Amino acid sequence: MSTPERNSRLQKLKSLREKGINPYPNRFTPEDYSADILEKFKDDAPEMNVKIAGRVMLVRNFGKAGFCTIKDSKGTIQVYGSKEELGENFNVFKKLDAGDIIGASGILFRTQKGEITVNVKDFQILAKAIMPLPEKFHGLTDTEMRYRQRYTDLIVNDEIKDSFLIRAQIIRSIREQLNAKDFIEVETPVLQQIPGGANARPFETYHNALKIPLFLRIAPELYLKRLIVGGMEKVYELSRVFRNEGISTRHNPEFTLLEVYQAYSDFNGMLELTEELVNNIAKQVSGSEEIEYQGKKYSFKCPFKRMTLTDAVKEYAGIDITKYKEDAQSLLKDFHKKLAELKDKNDDVEDKPETANDNVNFWKVVNDIFEVLVEDKLEGPIFITHYPSETSALAKQDPEAPEYVERFELFISGREHANAYSELNDPVKQKENFEKQVKAKASGDDEAMYMDEDYVNALEMGMPPTGGLGIGIDRLVMMFIDSPSIRDTILFPQMKPKKPMQPEKWKNVIDAINKVSNKFTELAVIQSLKQNGVEATQEVIDEIMDKTSKKEKYNLINTLVTSILEEPGGSTISDKLNKVMKELSSEQDLNKTDFLKKIKSIIE
RNA sequence: GGGCCGCUAGCUCAGCUGGUAGAGCAACGCCCUUUUAAGGCGUGGGUCGAUGGUUCGAACCCAUCGCGGCUCACCA
C-alpha cells in the first residue's frame, strides 16, 4: 500500500541511514519502566537517572524542544527533548513520528504543569514505524480491523491488553488451584486417529508418511481417561480443541477447554471442584464473589444453585415431563403448543425445531425443550443435573433412575460453561453406546461419535470410578472481562480471508488505467484516441501525469469529458468502454503503449 | 445458510430529494524551549468495498457479489 504517510516515513528512513543512523539497531536494554518511575518519583526524589524504551504515542514539538508520550509495557511517561540537551541529535528527535519505538535516558523533572517527565540526555531510534498509528483520540474502532490486525488494536486500545491479562490470570489461577490439589497437568494428542469425547464435527487432515487421515481433537476426554486407567489418578489438560462449526459471538473454531479427571470421585465431587475453581477465580480476578456482566449482577458465592433438568423444564418451560410416561408424540404436541402460545405473545420466539418426524425420541424432545425454552433463562450460576442417558454416551447412569445419567452442566447468563459427569467405566455398556452413535452417524448425524475400540479396550483393563469435568475457558473469560463476544477473549479470532479485489487477468488493464487516474480519464482517453490518434493521446496522458496537483489533473480531464458530452453520441462511450474491457480481459502482458493501441483498434 | 445493519482519505466520521467528494486527527512546509488530543499559517492526499444496470449525470437508485457486525438456525 502506498500512502503519503508511508512514503514520507520511508523517506525519513532513508535519510536516517544517510546520516549513519541504523533505524533498527540490534539491542537496547531499558532499566526502568514508566509506572515504576512515576511511583518512585512521586515525592520528587532529589535526582534520578532513568533509562527507558517504548513506543512514541503522541508528539508535541516546538521549535527547539518537544514532548513525546512514550508507552511501555507498564504504562506511559512523557519525555522532553531540547536542542540545548541533545545538540545535533535534536534534529532526529524533532523528526520522530507517532509509532516509532525509541530508547532514551535522562533525568527526571516536573514540568510547569506538574507532570513527571524525562529530560532526555541521550536517545536512539530502536524501530522506525512505517505505517502511521490510528487516530490518537478516537483510536481504532473498526471491529474488523481490530480482529484482523490485533497488533494495531493492542497498541492503541489499552483495555484489550487488560482483557488478555485477565485471561492469563484466570488460566494461572486454574493451574495453581489444581496443582495445589496434586492434579498433574498432562498433554495428550491434538492429532487423533479417532476423534472423540464430544458430539461435534472435527477438522480433518492427512499424514503423508503414514498415509492416513488424522483429526484435530474435539476433546481430550478419551485420552485423559486412558491415563486414569493407567493409574494417574488426578489429571488435567488445559488446551485448545477444534470444532468444525459456525463462527459466532459464542463460538470460535478453536477454543480453550479445561478437562479434569479424578479417580474415586464422581459428578458430585466435580460439582464441588467447579464451584471452588470458579469462586476462587472470581475472588482473585475481580476481588469479589459478585461480578457484573452485561449490566446484570452474578454472585459466585458457594454453593451455587442446583436443579435437576426435569425440574428446570417444569419451572421454566411449564412442562412436567414425568407425566408423559415417555410418550414422545404427546410431549412433542404440548411442546409445540407452548411455542405457539409464546409466539402469539411475542414475535421473537423462534420457530418449531425440526423434531416432528415419525420415530421421534422422547428424550430428544426433552432435550429440545430444554434448549429452546429453558437454557437462556438460566441466569445462574446454576448447576443443572441429571441429564437423559440417551444424550450422554460417555456418562454413568444414575442407579436410582437409569433413564438419567449422573451429570451436570453449569449455566451462567444463559450459556453453558461447564459439563461434568460420573464417567462410564462399564466397557460393555460403553461399547453399546458407541455402537448406537455409529448407527446415528451412518444415518446422517455428522456430530455423532466414532467407535473407539482402543478406548473400550482401555476400559476393559478396568477404570476406577471417576469424575470428569470440562470448563470452557473462553466463555469464562467473557464473564470476567464483561464482553458479549468470544472474539474479545481470543487474541487472533478466526476471520474469513479478504479476497483479492480484481481477478488476475484484469490486473494489467486495471494497472494501465490506474496510471492515468480515474473513470473520467478512461472516457477521456478513449475519446481522445478516437479524435486525435495514439500519439496525440499519449501526449495528453503524459501531460496529465506530469501535473503534480490532483486539481490540475481534474481540470484537464474535465475539459476532455465536457467535449465528449457535447458531441452527439457521447453517451455510447460507456458501451464502448465495456466492449473494450471485455476484449482486453483476455490479454496478458500489456504495457501502456500496447494498451492504447489495442483500445484504438477496438474502437475503430 | 436466513434476516437486519454497515463498508467514503492512514484513522474517526459528515455527505440533504442523484448534479464536479468534505471535516478533525495523521502527513508535508513554515513559525514556536514547559506542551497535555499543544497552537498558528499554508499544502498535498479518494477505485466512495467490487462488478454490472438505470440515468445526460450515481458515494447516493436497482441487481449480483465480497467482507464485517448483530441476530436466528446449526453448534455447546
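Basis for what follows: all heavy atoms, side chains included, without hydrogens, waters or symmetry-related copies. Note that the structure is a prediction, hence the values are computed from the model and not measured. Residue numbering restarts at 1 for every chain, and letters A, B, ... go by the order of the sequence lines.
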Please classify the nucleic acid contact of [X] as base, sugar-phosphate, or nothing, using heavy-atom distances under 4.0 Å.
X: Lys64(A); value: base
X: Arg243(A); value: sugar-phosphate
X: Gln149(A); value: nothing
X: Ala198(A); value: nothing
X: Gly139(A); value: sugar-phosphate
X: Thr69(A); value: nothing
X: Tyr80(A); value: base
X: Lys94(A); value: nothing
X: Asp142(A); value: sugar-phosphate
X: Leu133(A); value: nothing

Output the rounded distance in Å from [atom1] ([X]) to [atom2] ([N]).
X: Gln78(A); N: U35(B); atom1: CD; atom2: C1'; result: 7 Å
X: Asp376(A); N: C75(B); atom1: CG; atom2: C1'; result: 15 Å
X: Met495(A); N: C67(B); atom1: CE; atom2: C1'; result: 8 Å
X: Arg201(A); N: C75(B); atom1: CZ; atom2: C1'; result: 9 Å
X: Met57(A); N: A38(B); atom1: CE; atom2: C1'; result: 17 Å
X: Arg60(A); N: U34(B); atom1: CZ; atom2: P; result: 13 Å
X: Met145(A); N: C7(B); atom1: CE; atom2: C1'; result: 11 Å
X: Asn61(A); N: A37(B); atom1: CG; atom2: P; result: 16 Å

**Study point:** Geometric cation-pi criterion, Lys441(A) with Tyr450(A): 6.0 Å, 45°
**Key:**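 The answer is yes; both the distance and angle limits are met.
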Let's see if you can work this out: which of [options] has an atom nearest to the side-chain heavy atoms of [X]?
X: Asp97(A); options: C67(B), A27(B), C75(B); answer: A27(B)
X: His138(A); options: U12(B), C11(B), C72(B); answer: U12(B)
X: Lys95(A); options: G29(B), G10(B), G69(B); answer: G29(B)
X: Glu245(A); options: U12(B), C70(B), C75(B); answer: C75(B)
X: Leu58(A); options: C70(B), C11(B), A38(B); answer: A38(B)
X: Phe62(A); options: C28(B), G69(B), A38(B); answer: A38(B)

Distance below 4.0 Å between [X] side-chain N/O and [N] OP1 or OP2:
X: Ser8(A); N: G45(B); value: no
X: Thr249(A); N: U71(B); value: yes
X: Lys136(A); N: A38(B); value: yes
X: Arg487(A); N: C70(B); value: yes
X: Ser82(A); N: U33(B); value: no
X: Arg6(A); N: G10(B); value: no

Check your understanding: Could you give all pairs that pass the side chain to side chain donor-acceptor pair (under 3.5 Å) test and reach residues 406-418 of chain A, with sequence neighbours left out?
Key ->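 Matches after skipping sequence neighbours: Tyr293(A)-Arg415(A), Tyr298(A)-Ser413(A), Tyr387(A)-Glu409(A), Ser392(A)-Arg407(A), Glu406(A)-Ser422(A), Arg407(A)-Glu409(A), Arg407(A)-Asn419(A).
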What is the pairing partner of [N], taking Watson-Crick or G-U wobble pairs with both distances under 3.5 Å in any strand?
N: C65(B); answer: G49(B)
N: C41(B); answer: G29(B)
N: G24(B); answer: C11(B)
N: G1(B); answer: C72(B)

Check your understanding: Are the ring centres of Phe411(A) and Phe370(A) closer than 6.0 Å?
Key ->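 Yes, they do, as the ring centres are separated by less than 6.0 Å.
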[X] and [Y] ion-paired at < 4.0 Å:
X: Asp158(A); Y: Lys71(A); value: yes
X: Arg9(A); Y: Asp97(A); value: yes
X: Arg110(A); Y: Glu115(A); value: no
X: Arg217(A); Y: Glu237(A); value: yes
X: Asp474(A); Y: Arg167(A); value: yes

Practice item. Using a cut-off of strictly less than 4.0 Å between a heavy atom of the residue and any atom of RNA chain B, enumerate the qualifying residues of residues 109-118 of chain A by number. Key: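 Per residue number, the list reads Phe109(A), Thr111(A), Gln112(A), Lys113(A), Glu115(A).
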Review point. Quick check: does any side chain N or O of Glu423(A) sit under 3.5 Å from a backbone N or O of Gly468(A), one acting as donor and the other as acceptor?
Key: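 Such a contact is found between Glu423(A) side chain and Gly468(A) backbone.
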Point to revise | Spatial distance of atom CZ (Arg150(A)) from atom CG (Asn157(A)) [nearest 0.5 Å] | key: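 One finds 9.5 Å between CZ of Arg150(A) and CG of Asn157(A).
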Review point. Would Phe67(A) pass as stacked on U35(B), i.e. its ring centre under 5.5 Å from the base's six-membered ring centre and planes under 30° apart?
Key: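 One would call Phe67(A) stacked on the U35(B) base.
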